[in-house]
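Everything on this sheet refers to the single structure shown next.
Positions are given from 1, in the same order as the sequence printed here.
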Amino acid sequence: MNGAEAMVKCLTAEGISRIFGYPGVAISPFLDAVFQDASIEHILVRQEQAAGHAASGYARITGRPAVCVSSSGPGATNLITALATAYADSIPLIAITGQVNSSLLGRDVFQEADMRGATESFVKYSYLVKNADEIPRVFKEAFYIANSGRKGPVLIDIPIDVQMQTLKKPFSYPEQLTMRGYKPNVKGNSLQLSRVIAAIQKAKKPLVCAGGGVILGQGEAELRAFCEKYRIPLVHTMMGIGVLPKNHPLYFGMLGNNGKPYANRAVAASDLLIIVGARIADRAVPKPENLEQRVNIIHIDIDTAEIGKNLGPTIPLVGDAKIVFAALAEAPITIDTSEWLRELEEKKRSTVDLRRFSDKLVNPVELVKQLSEKMEDDAIYVADVGQNQLWSADNYVMKRGRFLTSGGMGTMGYSIPAAIGAKFAAPERQVVAVCGDGSFQMSLYELGTVAVQKLPVKILIMKNRFLGLVREYQAKTYNRRYEAVELFDYPRYSHIAAAYDMAYFHCDNNAALGEALDAFLACETAALMVCDVDSENNTQ
């Protein structure tokens, strides 16, 4: 058995039946082993970054690590943005990159790139495999690291000669794994847990702030049970969308610059903020030092490094959200939040949305509301980055589905390849990618993957002929001096749909929106829908 064959054996041992990638000479031994084994399906994307985003969408829906593959040099460096995106949002990926012959490393030969050095800031860990006998251990460790503690991407860089090298030992995939120095704490320190319980007991105005870590840790049910038992209200970050449905009586919206004003008012009025699975970066709390002085803060996260990074906690607790809130739901806590909940309801009722949207073309708020209401209950909504993302996050109607987006990195072009991965992960579920005309053009080439794989994904474009969020910033900051943001009236979307055998829909007014969305969602094949949006509409 050679190294490439061992790599395939490792992947099948981890239950991997599908990988996303783009070929090249330096990864060809591995691809030949995939061909001969036939237990793994290789999905050919049209650019390596898309392989990483597709794997991300796949991992987020399956809840398990997904695999992306590229060759050396530019193929591998194209993956870096996708790895950075996954790292920022704690998505478990295994990135396998081919490398030049190990005897040529460090000599700047054709298509050599130091991938360990280049990705140091964007992966949990990385390997450069120099001996084929190391492959079983390396893969076992990589999957464990990617999917434990704070999840994230792991890189395995393998020279072409190591892929062809014959193993000297019989292949044996480790059943157990012990890594010195890497033992994530999941249960939570009992002393800190008791301090958390005491703080909740004393609170008059407790509030939970949930982030994406709750969803990644599959702790939604436990957190919901905790909130319902003690009647503690909840707000969330963008990555925490879906922790509670919007119609839940304890739900008080998304906080932050682009969240609901009443959610931010709830945070300011609380006397105990319980942050879980969120880093609380600048978009969520612009001036954390002010909040620290007014509110007691409990910060619960599985990653020690995240606690206190942006907001100093009164009580830190390192642990897994699912385990911690299961324990808290059994704690002897007796509090009365009735008056607090009445106060929050009044804040919500008295909050007036001062934004005004043009009555020309399609109202983006109504578009997102109608789209998500009309989507199937368990549908997957994949938002891209830009104004479309903020309108989506603000108005998405949560049922039993999922909301995927690039939060920490804000990577344009994420939605289409991520939707591809999500559809492969859940072929029976409806998948809709929503993007602007700018973000669509970042990855429109992946319509080739959609067409070849015959994936019935739906892609909706909010077309305003601008890079809308940058235009909005330039309007407010630079007195409408617009530079390098106008896209004009290109491309011709109906022609693109025809080129990729997609059904095409178009809407330019609110009166026809409902009927157009119904037809778009009912289409049994891949479909592209363009909704014209006034370029003067802003998110704030």
Looking only at non-hydrogen atoms, find the nearest pair between [X] and [Y] and report the distance.
{"X": "A59", "Y": "I91", "answer": "CB-CG2, 4.0 Å"}
{"X": "A422", "Y": "L404", "answer": "CB-CD1, 4.3 Å"}
{"X": "T237", "Y": "A278", "answer": "CG2-CB, 4.0 Å"}
{"X": "R279", "Y": "G408", "answer": "NH1-CA, 4.2 Å"}
{"X": "V432", "Y": "F520", "answer": "CG1-CE2, 4.4 Å"}
{"X": "L207", "Y": "S270", "answer": "CB-CB, 4.0 Å"}

Pairwise distance [atom1]([X]) to [atom2]([Y]) - rounded to 0.5 angstrom:
{"X": "R471", "Y": "K476", "atom1": "CZ", "atom2": "NZ", "value": "8.5 Å"}
{"X": "N395", "Y": "L390", "atom1": "CG", "atom2": "CG", "value": "10.5 Å"}
{"X": "F440", "Y": "I461", "atom1": "CZ", "atom2": "CD1", "value": "4.0 Å"}
{"X": "I43", "Y": "I420", "atom1": "CD1", "atom2": "CD1", "value": "9.5 Å"}
{"X": "L367", "Y": "L361", "atom1": "CG", "atom2": "CG", "value": "12.0 Å"}
{"X": "C209", "Y": "I298", "atom1": "SG", "atom2": "CD1", "value": "13.0 Å"}

If we only count heavy atoms from C-beta on, is the [X] to [Y] side-chain gap below 4.5 Å?
{"X": "Q389", "Y": "M238", "result": "yes"}
{"X": "I416", "Y": "V457", "result": "no"}
{"X": "N363", "Y": "N537", "result": "no"}
{"X": "K369", "Y": "V365", "result": "yes"}
{"X": "E472", "Y": "Q540", "result": "yes"}
{"X": "L487", "Y": "Q441", "result": "yes"}
{"X": "I232", "Y": "L250", "result": "no"}
{"X": "V452", "Y": "R46", "result": "yes"}

For [X] and [Y], test the side chains for any donor-to-acceptor distance below 3.5 angstrom and give the result as yes or no.
{"X": "R356", "Y": "N538", "answer": "no"}
{"X": "S358", "Y": "E536", "answer": "no"}
{"X": "T85", "Y": "Y414", "answer": "no"}
{"X": "R465", "Y": "S535", "answer": "no"}
{"X": "N464", "Y": "Q387", "answer": "yes"}
{"X": "H248", "Y": "E228", "answer": "yes"}

Using a 6.0 Å cut-off, check whether atom [atom1] of [X] has over 12 heavy atoms from anything other than its own residue.
{"X": "Y482", "atom1": "OH", "answer": "yes"}
{"X": "E373", "atom1": "CD", "answer": "yes"}
{"X": "Y262", "atom1": "OH", "answer": "yes"}
{"X": "K360", "atom1": "NZ", "answer": "no"}

Using a 3.5 Å distance criterion without hydrogens, assess whether the side chain of [X] forms a donor-acceptor pair with backbone atoms of [Y].
{"X": "D384", "Y": "G413", "answer": "yes"}
{"X": "T411", "Y": "S406", "answer": "no"}
{"X": "K322", "Y": "Q218", "answer": "yes"}
{"X": "R429", "Y": "D378", "answer": "yes"}
{"X": "R150", "Y": "K124", "answer": "no"}
{"X": "E48", "Y": "S70", "answer": "no"}
{"X": "K458", "Y": "C523", "answer": "yes"}
{"X": "T351", "Y": "K347", "answer": "yes"}
{"X": "Q47", "Y": "Q49", "answer": "yes"}

- Query: Regarding R60 and the six-membered ring of Y58, is the cationic atom NZ or CZ under 6.0 Å from the ring centre and inside 45° of its axis?
  - Reply: no
- Can you list the steps and then say if M375 with L371 is a side-chain contact (heavy atoms from CB on, under 4.5 Å)? CA-CA 6 Å; M375 288 167 62; L371 172 63; 3.9 Å; yes
- Query: Sequence neighbours excluded, which residues qualify as side-chain contact (heavy atoms from CB on, under 4.5 Å) partners of N147?
  - Reply: P65, P92, K151
- Query: Are Y396 and I241 close enough, and set up right, to give a side-chain contact (heavy atoms from CB on, under 4.5 Å), and what steps lead you there?
  - Reply: CA-CA 9 Å; Y396 169 70; I241 291 175; 3.8 Å; yes
Can [X] and [Y] be counted as an ion pair, charged N to O under 4.0 angstrom?
{"X": "K399", "Y": "D377", "value": "yes"}
{"X": "D353", "Y": "R355", "value": "yes"}
{"X": "E220", "Y": "R224", "value": "no"}

- Query: Which of these passes side chain to side chain contact (heavy atoms under 4.5 Å, CB included) with T119: T77, L83, L79, T97?
  - Reply: L83
- Message: As a test of understanding, state which of L273, I274, I307, V318 forms a side chain to side chain contact (heavy atoms under 4.5 Å, CB included) with H299.
- Response: I307
- Message: I want to know whether Y251 and H236 have ring centres closer than 6.0 Å.
- Response: yes
- Message: What verdict does the salt bridge (charged side-chain N to carboxylate O under 4.0 Å, His left out) test give for K463 and D489, after you've listed the backbone C-alpha separation in whole Å, the side-chain angles of each residue and the deciding distance to 0.1 Å?
- Response: CA-CA 9 Å; K463 179 185 175 184; D489 200 32; 2.7 Å; yes
- Go through F252 and K348 one step at a time and tell me if the side-chain contact (heavy atoms from CB on, under 4.5 Å) criterion holds. CA-CA 8 Å; F252 285 92; K348 181 185 286 189; 3.8 Å; yes
- Message: Before you tell me yes or no, could you show the steps for M462 and V434 under side-chain contact (heavy atoms from CB on, under 4.5 Å), namely the whole-Å CA-CA distance, both residues' side-chain angles and the distance that decides it to 0.1 Å?
- Response: CA-CA 8 Å; M462 297 186 189; V434 176; 3.9 Å; yes
- Task: State which residues pass side-chain hydrogen bond (donor to acceptor under 3.5 Å, both in side chains) with H42; sequence neighbours excluded, sorted by chain then number.
- Result: none
- What is the ring orientation for Y473 with Y478, classed by angle as parallel under 30°, tilted 30 to 60°, or perpendicular over 60°? perpendicular
